[in-house]
Amino acid sequence: MKVAFIGLGVMGYPMAGHLQQAGHQVCVYNRNHDKALAWQQEFDGDIATTPALAVNDCEIAFCCVGNDDDVRQVALGVDGIFTGLAKESIFVDHTTASAELARELAAIAKEQDKFFLDAPVSGGQAGAENGILTVMVGGDEKVFDKAEPVMAAFARFSQLMGAVGSGQLAKMVNQICFVNTVQGLAEGLNFAQKAGLDTDKLLATIGQGAAGSWQMDNRGKTMCAREFDFGFAVDWVRKDLAIAFAEAEKLGADLTVTKQLDGYYQEIQDSGGNRWDSSSLISRFKR
């Protein structure tokens, strides 16, 4: 299938690569053109100088950029995705953004006889590089059925959550749950170190029981070692939580504890840890 990928950050770069390696004809666009050239050299796909040119004649246009404003820039500009996307084609936005933006883009797509799916992902940089992301999707079932086999190039699981915006709402829940899990792990591991326990043995043991989690399996040892040079940066954690807080206010949902954790992440930002991994919550505890 001829597809486009807009945005070659830490997630988009490998995701587009998996599409090319799966046999699709991929054309990419990135605001930093040097990154697009590097991608082309590595994966031997096509590159374009605007989003509109990248999506020309494509059946599916994928996008993964930073935030709502970034999506609007690459989608709605004079040379944006909607300008070049053909009728009956699909725009799949993998950016973690607001549900409100998803509904806005879906309405524009409908007016132009095009289709839209909001499809934020979970699994982080490692999940993107290994092609094992989880995708939460909002939109029409028939459109999802066409896009899902293509997304399988970089995802091990995709689920249609409901109408447009449902994917973004599901991602908000994901972020709420994961930061609370990280804080519990940070407190537990700090306790273990203060108690003089062998944390390698501890993780291998309690990871088999009710305390086990993805965070424990993948970040437990690095948290103990205070290594934060990978994964999901604190700046992006706070961006995602801000989206969840805005939605929670509309819904009347209580996120008291999550807001406290957001304050902890702000402390890490203030100390210069903006690009540290989300697991850096443990850095607030003295060894």
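As the structure is a prediction and not an experimental result, all values here were calculated from the model.
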Any Lys/Arg nitrogen of K171 or D118 sitting under 4.0 Å from an Asp/Glu carboxylate oxygen of the other?
no
Nearest heavy-atom neighbours spanning L117 and A147:
CD1-CB, 3.8 Å
So, do F91 and F82 have ring centers that fall under 6.0 Å from each other?
yes
I'd like to know if the side chain of Q20 reaches the main chain of V26, judged simply by a donor and an acceptor atom lying under 3.5 Å from each other, with no hydrogens or angles considered.
yes
Quick check against the 3.5 Å criterion: does S89 have a side-chain atom that pairs as donor or acceptor with the backbone of L85?
no
Aromatic ring proximity, centroids under 6.0 angstrom, H94 and F154
yes
Compare every heavy atom of A61 with every heavy atom of V55, then report the nearest pair and how far apart it is.
CG1-CB, 3.6 Å
Close aromatic pair by centroid cut-off 6.0 Å: F232 and W236
no
Donor-acceptor pair between D70 and T95 side chains, under 3.5 angstrom
no
Is the shortest side-chain N to carboxylate O distance from E227 to K221 below 4.0 Å?
no
So E100 and Q168, do their side chains get closer than 4.5 Å, heavy atoms only?
no
Might you confirm whether atom CZ of R156 has over 12 heavy atoms from other residues, nucleotides or ligands at distances under 6.0 Å?
no
Does some side-chain heavy atom of N274 sit less than 4.5 Å from a side-chain heavy atom of V234?
no
Determine whether more than 12 heavy atoms belonging to other residues, nucleotides or ligands lie under 6.0 Å from atom CD of E148.
yes
When rounded to the nearest 0.5 angstrom, what distance separates CG in D198 from OG1 in T205?
9.0 Å
Please check if the side chain of N130 supplies one atom and the backbone of A126 the other of a donor-acceptor pair under 3.5 Å.
yes
Heavy-atom pair of closest approach, residues A99 and M172
N-CE, 3.9 Å
Taking only distance into account, with no hydrogens and no angle test, what donor-acceptor pairs under 3.5 Å do side-chain atoms of residues 132-144 form with protein atoms, sequence neighbours excluded?
residue : atom : partner : partner atom : Å
D140    : OD2  : K142    : N            : 2.9
D140    : OD2  : V143    : N            : 3.4

Over 12 non-hydrogen atoms of neighbours within 6.0 angstrom of CZ in F191:
no
Any side-chain heavy-atom pair of V3 and E59 under 4.5 Å:
no
Close side-chain approach of Y265 to S278, heavy-atom, < 4.5 Å
yes
Any salt bridge between K146 and E88, counting N to O under 4.0 Å?
no
Nearest heavy-atom approach of F116 to A109 is CB-CB, 4.0 Å
S283 and W276 have their tightest heavy-atom pair at OG-CZ3, 3.7 Å
Check: N30 side chain, H33 main-chain N or O, donor-acceptor pair, under 3.5 Å:
no
